[in-house]
Q: 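My questions all concern the structure below.
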Amino acid sequence: MRNVLVIGAGGVGSATAHKCAQHNDELGDICIASRTVAKCERIVESVRARDNLRTSEGKLSAAGLDAKDTQAVAELIERSNTSIVLNAGSPHCNLAVIEACLRTGAHYLDTAIYEKEGDFNMPVPWYANYEWKYRDRFAASGVTGILGIGFDPGAVNAFCAYVKKHLIDDIDSIDIMDVNAGDHGQFFATNFDPEVNLREILEDVVYWENGEWARVPCHSKSRTYDFPVVGAQKVYSMGHDELHSLAVNIPAKRIEFWMGFSDSYINVFNVLNRLGLLSGEPVDVEGVPVVPLKLLKAVLPDPASLAPGYTGKVCIGCLVKGRSAGKNRELFIYSSCDHAECYADVGAQAISYTTAVPLVSAALLIARNEWNVGKLVNVEELDPDPFMAIMPELGIDWKVREA
Ligand code: NDP
């Protein structure tokens, strides 16, 4: 197996390229492709400037690509002799990239669920709307596809599988909690693609409870949790990709996702929403159709630009309650990263870094045939042990705190 194609040149694509370079002895040549080729070229320069290529024998190249064009993706896979595609671009491109992988036989990895532009409050479980329809084709062609292998979704799914395999036999509840206690110094910014991020926050909160999906309005349910490393933080229940596979694959009475937001973030978010600036529906501006959310994206800071000077830490983990050998058990399995340390390693902030490390860990596990399962899966369907072993080697450690 040889050569990887990284799609996307944002914060995640950049951190992914750096991490691939640090392991290019196993992953081979690296091609970074995105809509704006200049961004890919800058990533190539930064990998070289940080001396992040483990072996200088591997090639590192940049390419312009419209990842919504299946034929163009397939041609690039063939031209670059790619075995594994790491899709770190916009989730609007996922299906075209999946199709190209199936045509060429390249293995497929992504970090976020597919979204058709304009999709909002989709039927549950979300993966059944698009991705799971490809399962038969992946299995028939023996191509491996791993869905949602960033941190959340991604590492947290592996955490749940690990707890189920080793720590708690009978799970009652899983609370996946994500707090960014960092400071980027901007008035308002999103840590990844604003179009994707703000839409997912605005949607109804959907979570799994007592064998069915519960639904409440956004930001209507909150709690305070005393996290390791970052202390007590207020988190809000929110709809999130991983619930839509975990509810199917890990038996539990309740599975819910919580994200930390500061009061100031919530205030600005509410004002933008009340003004209609989070809408994906075009409005007429002197004869020109303008999508407010796209306009907002254009004026907000580029997530990748937040990295220099970002301070503080993130903490992401799963609070799992249940029983083992008849005894009640409660634990928090988590990782924490420091923004400045991530920047020192790969020139990225911690949100991009925590997405890239699981993604590249999975690529290495496919290359080593440990996760090369020849079918389309969500992360918790895989053996968590090799992943839990490799992720710290790539830069993110994990711990278990017992209550
Ligand atoms: P950015 O918006 O910074 O980057 C997205 C990249 O995709 C850009 O380089 C953009 O192109 C590229 N792109 C968009 N459309 C196309 C297209 N048609 N063809 C080719 N390239 C395209 O986002 P991030 O890097 O911060 O995040 C990437 C994705 O990772 C997010 O959308 C999010 O869903 C996911 N994510 C997952 C997380 C997890 O833990 N699972 C956490 C954080 C993010 P261009 O070069 O023109 O800018």
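The basis for the numbers below is simple: all heavy atoms, side chains too, and nothing from hydrogens, waters or symmetry mates. As the structure lists them, so they are numbered: ligands from 1, and atoms in each ligand from 1.
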Q: Should you measure from each heavy atom of G11, which atoms of ligand 1 turn up under 4.0 Å away?
A: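 Reading through ligand 1 atom by atom, the close ones are 3 (O), 25 (O).
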
Q: Return the closest protein heavy atom for atom 27 (O) of ligand 1 as residue, atom name and distance.
A: V12 CG2, 3.4 Å

Q: Less than 4.0 Å between a side-chain N and a carboxylate O, is that true for E380 and K165?
A: no

Q: How does K39 reach ligand 1, by side chain, by backbone, by both or by neither, if only non-hydrogen atoms under 4.0 Å count?
A: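 Just the side chain.
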
Q: With atoms numbered from 1 as shown, which atoms in ligand 1 lie under 4.0 angstrom from a non-hydrogen atom of A67?
A: 17 (C), 18 (N), 19 (N), 20 (C)

Q: Specify the protein heavy atom at minimum distance from atom 41 (N) of ligand 1: its residue, its atom name, and the distance to 0.1 Å.
A: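 Checked against all protein heavy atoms, atom 41 (N) of ligand 1 sits closest to T111 O, 2.9 Å.
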
Q: Mark up the atoms of ligand 1 that fall under 4.0 Å of a heavy atom belonging to A112, in ascending order.
A: 34 (O)

Q: Would you please name every residue forming a side-chain hydrogen bond (donor to acceptor under 3.5 Å, both in side chains) with R35, sequence neighbours left out?
A: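 None.
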
Q: Drop me the distance from L86's CG to T16's OG1, to the nearest 0.5 angstrom.
A: 6.5 Å

Q: May I ask whether C93 has any heavy atom positioned less than 4.0 angstrom from an atom of ligand 1?
A: yes

Q: Which of parallel (below 30°), tilted (30 to 60°) and perpendicular (above 60°) describes Y162 and W398?
A: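 If you compare the ring of Y162 with that of W398, the planes turn out perpendicular.
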
Q: What orientation do F261 and Y236 show, parallel under 30°, tilted 30 to 60°, or perpendicular over 60°?
A: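 F261 and Y236: tilted rings.
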
Q: For ligand 1, which atoms sit closer than 4.0 Å to a heavy atom of D66?
A: 17 (C), 18 (N), 19 (N)

Q: Considering non-hydrogen atoms of the protein only, which is the closest contact for atom 29 (C) of ligand 1, and what is the distance?
A: G89 O, 3.6 Å

Q: Aromatic rings F159 and F151: how do their planes relate, parallel, tilted or perpendicular, breaks at 30° and 60°?
A: perpendicular

Q: I need the nearest protein heavy-atom contact for atom 33 (C) of ligand 1: residue, atom name and distance, please.
A: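 It is F192 CD1, 3.4 Å.
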
Q: Are any of the N/O atoms in I351 less than 3.5 Å from those in ligand 1?
A: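 The answer is no, given that I351 and ligand 1 share no N or O pair closer than 3.5 Å.
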
Q: Of all the non-hydrogen atoms in the protein, which one sits nearest to atom 1 (P) of ligand 1, and at what distance?
A: G10 CA, 4.0 Å

Q: State plainly whether the residues K321 and D172 are in salt-bridge range, i.e. N to O under 4.0 Å.
A: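 Between D172 and K321 there is no salt bridge, as every charged N stays at least 4.0 Å from the carboxylate O atoms.
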
Q: Which residues satisfy the side-chain hydrogen bond (donor to acceptor under 3.5 Å, both in side chains) test with D241, sequence neighbours excluded?
A: none

Q: Is V196 in polar range of ligand 1, meaning some N or O pair under 3.5 Å apart?
A: no

Q: Identify whether the distance between the nearest side-chain nitrogen and carboxylate oxygen of K294 and E117 falls below 4.0 Å.
A: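 The answer is yes: the pair qualifies as a salt bridge.
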
Q: Would you mind telling me if ligand 1 is within reach of the side chain of L65, the backbone, both or neither, using heavy atoms under 4.0 Å?
A: backbone

Q: Could you tell me if R50 sits above the aromatic ring of Y343, with its cationic atom closer than 6.0 Å to the ring centre and no more than 45 degrees from the axis?
A: yes

Q: Using a strict 4.0 Å threshold on nitrogen-to-oxygen distance, state whether E203 and R199 make a salt bridge.
A: yes

Q: Testing D66, T70, L65 for side-chain contact (heavy atoms from CB on, under 4.5 Å) with K68, which one passes?
A: D66

Q: Give the residue, atom name and distance (to 0.1 Å) of the protein heavy atom nearest atom 11 (O) of ligand 1.
A: S34 OG, 3.1 Å

Q: Can you check which of S90, P91, P303 brings a heavy atom nearest to atom 7 (O) of ligand 1?
A: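 Nearest heavy atom to atom 7 (O) of ligand 1 lies in S90.
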
Q: How far is atom 15 (N) of ligand 1 from its nearest protein heavy atom, and which residue and atom is that?
A: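 Ranking protein heavy atoms by distance from atom 15 (N) of ligand 1, first comes R35 NH1, 3.4 Å.
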
Q: So, regarding K297 and ligand 1 (criterion: nitrogen or oxygen to nitrogen or oxygen, under 3.5 Å), is there a contact or not?
A: no

Q: Tell me: protein heavy atom nearest atom 28 (C) of ligand 1, and distance?
A: A88 O, 3.5 Å

Q: With a 4.0 Å cut-off on heavy atoms, is A304 touching ligand 1?
A: no

Q: Tell me whether the guanidinium CZ or amine NZ of K221 lies under 6.0 angstrom from the six-membered ring centre of Y207 and within 45° of its axis.
A: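 Relative to the ring axis of Y207, which defines the angle, K221 lies inside both limits.
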
Q: Within the structure, is a non-hydrogen atom of P153 found at a distance of less than 4.0 Å from ligand 1?
A: yes

Q: Which is closest to atom 47 (O) of ligand 1 in terms of heavy atoms, D193, V37, T36?
A: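 Selected option, by shortest heavy-atom distance: T36.
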
